[in-house]
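Structure first, commentary second.
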Number of protein chains: 2
Amino acid sequence: MSPSAVIDAALEIVDAQGHGALTLASVAARTGVATPSLYKHVAGLAELRALAGARVMSELAQELTDAVMGLSRDEAVSALLQTGRSYVVKHPHRYALMPLDALHHPLTADAGAKLINVLLAVLRGYGLRGAAAVHATRCMRVIMHGFASLEAAGGFGLPERLDDTYQQLIDMFVASLPKEKIR
Amino acid sequence: MSPSAVIDAALEIVDAQGHGALTLASVAARTGVATPSLYKHVAGLAELRALAGARVMSELAQELTDAVMGLSRDEAVSALLQTGRSYVVKHPHRYALMPLDALHHPLTADAGAKLINVLLAVLRGYGLRGAAAVHATRCMRVIMHGFASLEAAGGFGLPERLDDTYQQLIDMFVASLPKEKIR
DNA sequence: GCCTAAAAGCTAACATCATTAGCCTGTACG
DNA sequence: CGTACAGGCTAATGATGTTAGCTTTTAGGC
């Protein structure tokens with residue numbers, strides 16, 4: 001066994017039973033090991049959650065990176081937001097693992113930075129600098145996180161198509177970006 | 001004591017120590033009662049959380065209602081979004097109590113409906129109907145929830161002014177609404 | 001004023017967890 | 001061949017949620 005294998009098991013449990021079911025006991029059961037043995041690989045439940053969250057964030061960052069490769073500006077923004085949502089739809093339970101303040105925690109800071117960097121890279125195509133870039137990044141995050149967390153939690157009850165709502169948000173955001181690249 | 005008094009104590013604990021500190025043991029200590037005695041008023045921890053969440057949602061709905069009274073359209077939307085955020089800034093820990101899928105749970109459905117109704121009322125000024133009203137409501141929710149949850153969780157690390165980011169989001173949303181009332 | 005029944009409290013007990021301490025074993029490496 | 005350590009184990013402790021069953025308080029009717 002290895003720390004990574006423990007995280008694998010943790011993610012399997014989360015995928016199957018939701019993030020509330022992630023306990024050291026359940027991970028131990030799944031890996032066929034006594035609970036205290038997990039401490040040889042992981043410092044405790046808090047660290048395991050952080051590591052699992054970091055794993056998810058890295059995976060998401062990778063998918064986003066792949067999705068925007070070769071695209072720029074509106075196309076890239078749209079692809080990024082769509083891909084972010086589709087990841088959450090694919091693994092609804094994983095979303096809750098990602099810490100919202102990843103940068104504040106050493107175990108998740110790297111993964112968090114990777115994620116933010118994709119957003120920044122996409123916005124670079126608009127020539128946004130300094131404060132403007134920060135605000136735009138935050139807006140994008142708000143939209144992606146707001147929608148994804150609501151969708152993952154089953155927060156949208158009505159039957160109207162979620163795709164349409166999300167597209168409307170994307171259009172809204174894209175419309176707020178500069179039409180000409182700022183030089 | 002009464003169920004309501006138990007919820008009061010729960011909210012005091014959450015305000016002071018965060019929603020992770022909300023346990024039956026801590027509520028019992030604060031109300032000067034043995035833990036099992038709480039079951040005379042509340043069915044268990046899950047119900048207490050739901051009831052506390054409903055209380056918070058009602059309170060927020062009331063503040064939002066007060067804030068938009070006498071306003072319409074862009075002014076009302078702006079006031080609603082600003083007031084929503086300021087509630088979260090005032091009581092950062094309470095935000096995490098509100099269930100995202102309030103309508104699915106009988107104990108929180110009423111409060112959830114109250115909240116949604118404020119949003120719908122404000123959007124009525126634009127003459128939005130049917131699916132369009134649903135999408136617009138969702139967009140507003142995404143923006144308010146996305147921003148508030150990130151802010152409450154300390155998810156914005158950089159020093160740029162959050163007020164500016166939020167204003168940008170509000171402008172973005174307002175710009176997406178019809179300029180003339182649809183009749 | 002008293003009596004009874006329900007409301008509200010208590011203690012004891014149990015299950016589940018996380019966590020720590022201390023022990024055992026196999027294996028890689030000198 | 002011996003030793004050190006990685007990785008596993010059992011036992012024990014302390015929170016916590018929850019249930020059961022008993023006691024006390026209280027409110028209302030007689």
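The shown structure was predicted, so the numbers you read here are calculated from the model rather than taken from an experiment. Naming: A, B, ... by sequence-line order, numbering from 1 per chain.
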Item to check | Interface with DNA chain C, restricted to residues 3-27 of chain B and to heavy atoms under 4.0 Å | outcome: none
Checklist entry - Among C/dG9, D/dT18, C/dT19, which nucleotide sits nearest the side chain of B/V33? => result C/dG9
Checklist entry - Hey, is the side chain of B/H41 poking within less than 4.0 Å of OP1 or OP2 on C/dG9, counting only N and O atoms? => result yes
Item to check | Nearest-Å distance for atom pair CE/C1', residues B/M1 and C/dA7 | outcome: 12 Å
Checklist entry - Are A/H93 and A/Q17 close enough that some pair of their side-chain heavy atoms sits under 4.5 Å apart? => result no
Next on the checklist: Of the listed nucleotides (D/dG7, C/dT20, C/dT11), which one gets closest to any side-chain atom of A/K40?
Outcome noted: D/dG7
Item to check | Of the listed nucleotides C/dT19, D/dG8, C/dT11, the one nearest the side chain of A/P36 | outcome: C/dT19
Checklist entry - Can B/R85 be said to sit on top of B/F147's aromatic six-ring, NZ or CZ under 6.0 Å from centre and within 45° of the ring axis? => result no
Checklist entry - How long is the line joining OH of B/Y39 and P of D/dC22, in whole Å? => result 20 Å
Checklist entry - Between B/D164 and B/Q168, does any side-chain donor sit less than 3.5 Å from a side-chain acceptor? => result no
Checklist entry - Rounding to a whole Å, what distance do you find between A/L48:CG and C/dC17:P? => result 15 Å
Checklist entry - With no hydrogens and no angle check, do the side chains of B/H145 and B/Y95 hold a donor and an acceptor under 3.5 Å apart? => result yes
Item to check | Separation of atom CG in B/L38 from atom P in C/dT11, rounded to whole Å | outcome: 13 Å
Checklist entry - Should B/E59 and B/K90 count as an ion pair when the cut-off is N to O under 4.0 Å? => result no
Checklist entry - Side chains of B/D171 and B/Y166: is there a donor and an acceptor less than 3.5 Å apart? => result no
Item to check | Atom-to-atom span, CD of A/E47 to P of C/dT19 - whole angstrom | outcome: 10 Å
Next on the checklist: Measuring to OP1 and OP2 of D/dG7, would you say a side-chain N or O of A/S37 lies under 4.0 angstrom away?
Outcome noted: no
